[in-house]
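Presented below is the structure to which this report refers.
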Amino acid sequence: MGKLSILKEFWDFLKVRKKWWLAPIVIFLVLLGALIISAGTSPLAPFIYTLF
């Protein structure tokens with residue numbers, strides 16, 4: 001429940017403050033974090049490391 005409330009609060013912040021430029025930054029950081037986590041725990045790690 002805690003994670004969903006953070007997302008809802010962030011969405012409300014974007015709507016009220018009109019800070020739409022923050023959305024791509026947050027999405028990119030989340031995807032980058034997911035890539036780093038999957039690179040460390042996945043058998044595909046050598047292939048992901050070649051991207052960097």
Side-chain angles (χ1 to χ4, degrees):
M1 182 76 181
K3 290 181 183 179
L4 292 178
S5 66
I6 291 172
L7 291 175
K8 183 183 179 323
E9 190 172 330
F10 180 68
W11 179 253
D12 291 339
F13 171 78
L14 289 179
K15 286 189 334 190
V16 171
R17 306 281 182 169
K18 307 285 193 251
K19 304 276 187 195
W20 296 112
W21 57 271
L22 282 174
I25 296 171
V26 171
I27 291 170
F28 175 75
L29 289 175
V30 167
L31 291 175
L32 186 65
L35 180 66
I36 290 172
I37 290 172
S38 67
T41 59
S42 170
L44 298 174
F47 302 110
I48 294 174
Y49 288 133
T50 59
L51 296 175
F52 297 104

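What you see is a predicted model, and the numbers here were worked out from it, not measured in a lab.
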What pair of heavy atoms forms the shortest contact from Lys15 to Lys18, and how long is it?
O-NZ, 3.3 Å
Do Leu31 and Leu22 belong together in a cluster built from hydrophobic side chains that touch within less than 4.5 Å?
no
Path from Phe13 to Ile25 over hydrophobic side-chain contacts below 4.5 Å
yes
Is Trp20 reachable from Ile27 through a run of I, L, V, M, F, W or Y residues, each pair having side-chain heavy atoms under 4.5 Å apart?
no
